[in-house]
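Below is one structure, written out as structure tokens; the observations come after it.
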Amino acid sequence: MILQTISTFLGVDSRAEAIWIMIGFGGQFLFMMRFLVQWIVSERAKQSVIPVAFWYFSMGGAMILLSYAIYRGDPVFIMGQSLGMFIYIRNLFLIRSHRKAAALSASTGDGA
């Protein structure tokens with residue numbers, strides 16, 4: 001009875017549809033986690049901080065939600081998640097480049 005009510009509410013009429021709904025909720029969960037992680041790190045630092053985990057959660061959530069959007073055939077959702085991926089990947093690339101440069105500088109003594 002409860003599962004039938006939930007299925008009706010979510011518009012689920014098949015097992016495949018139920019799986020895709022769970023995938024979509026999983027992507028939304030990852031997106032929620034990025035803000036939770038950012039909030040916790042910022043509270044500990046007593047200032048606004050965007051940790052690297054924020055970008056990984058963003059990328060994971062976007063990949064899952066993009067898959068869900070493609071399955072649903074929603075062009076607005078597809079475009080939004082696709083464009084976001086470039087931002088998340090670029091930020092991770094910039095972080096990685098900065099860390100490599102800092103490590104190189106530290107190993108050569110230029111950063112002291």
Side-chain angles (χ1 to χ4, degrees):
M1 179 71 173
I2 292 173
L3 287 177
Q4 185 176 9
T5 303
I6 293 171
S7 295
T8 302
F9 176 75
L10 295 175
V12 174
D13 57 6
S14 70
R15 182 175 176 84
E17 196 67 25
I19 290 169
W20 277 105
I21 292 286
M22 288 187 292
I23 289 170
F25 278 126
Q28 283 300 118
F29 176 77
L30 287 177
F31 257 61
M32 186 233 14
M33 286 302 299
R34 70 189 190 148
F35 292 116
L36 183 63
V37 165
Q38 191 272 331
W39 177 40
I40 290 169
V41 170
S42 292
E43 286 296 325
R44 287 181 180 164
K46 303 290 188 220
Q47 66 179 0
S48 183
V49 177
I50 299 178
V52 175
F54 178 92
W55 300 112
Y56 282 109
F57 277 119
S58 297
M59 199 167 67
M63 286 189 314
I64 292 170
L65 288 173
L66 178 59
S67 299
Y68 179 75
I70 290 169
Y71 170 77
R72 288 290 201 188
D74 185 327
V76 174
F77 204 9
I78 291 168
M79 181 171 286
Q81 294 305 319
S82 298
L83 295 176
M85 287 293 295
F86 290 109
I87 295 167
Y88 311 142
I89 291 168
R90 179 65 179 153
N91 274 286
L92 287 168
F93 176 79
L94 291 170
I95 290 166
R96 185 175 173 201
S97 296
H98 178 75
R99 286 183 175 173
K100 279 185 178 179
L104 180 61
S105 178
S107 70
T108 60
D110 294 340

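Quick caveat, the model's predicted, so the values are computed rather than measured. Side chains included, hydrogens not; waters and symmetry mates left out as well; all remaining heavy atoms used.
- More than 12 heavy atoms of other shown residues, nucleotides or ligands fall within 6.0 angstrom of atom CZ in F77.
- Of all non-hydrogen atoms in G24 and L65, the two that sit nearest each other are O-CD2, 3.5 Å.
- Within a 6.0 Å radius of CE in M79, no more than 12 heavy atoms belonging to other residues, nucleotides or ligands are found.
- Under the 4.5 Å side-chain contact rule for hydrophobic residues, I40 and F57 share a cluster.
- Between P51 and V37 the shortest heavy-atom distance is CG-CG1, 3.7 Å.
- Pairs engaging residues 61-71 under the side-chain hydrogen bond (donor to acceptor under 3.5 Å, both in side chains) rule: E17-Y71, Y68-R72 [sequence neighbours left out].
- One N or O on the side chain of S97 and one on the backbone of F93 form a donor-acceptor pair closer than 3.5 Å.
- Cluster annotation: L104 and L94 are assigned to distinct hydrophobic clusters (Ile/Leu/Val/Met/Phe/Trp/Tyr, side-chain heavy-atom contacts under 4.5 Å, transitive).
- Interatomic distance, CZ of F29 versus CE of M32, reported as 4.5 Å (0.5 Å rounding).
- In the hydrophobic cluster analysis, where Ile, Leu, Val, Met, Phe, Trp and Tyr join through side-chain heavy atoms closer than 4.5 angstrom, I70 is grouped apart from I19.
- Looking at Q38, its side chain does come within 3.5 Å of a backbone N or O of V49 through a donor-acceptor pair.
- To the nearest 0.5 Å, atom CH2 of residue W55 and atom CD1 of residue I50 are 5.0 Å apart.
- In this structure, CD1 in I89 is found 8.0 Å from CE in M63, a value given to the nearest 0.5 Å.
- I23 CD1 to I64 CD1: the interatomic distance, rounded to the nearest 0.5 Å, is 8.0 Å.
- Atom NZ of K100 is separated from atom OG of S105 by 15.5 Å, given to the nearest 0.5 angstrom.
- Summarising the geometry of I78 relative to L66, their closest heavy-atom pair is O-CD1, 3.7 Å, with the distance given to 0.1 Å.
- Judged by the 6.0 Å distance and 45° axis criteria, R34 is positioned over the aromatic ring of F31.
- Rounded to the nearest 0.5 angstrom, L36 CG and F54 CZ are separated by 12.0 Å.
- Of all heavy-atom pairs between A62 and Q81, the closest is CA-OE1, 3.3 Å.
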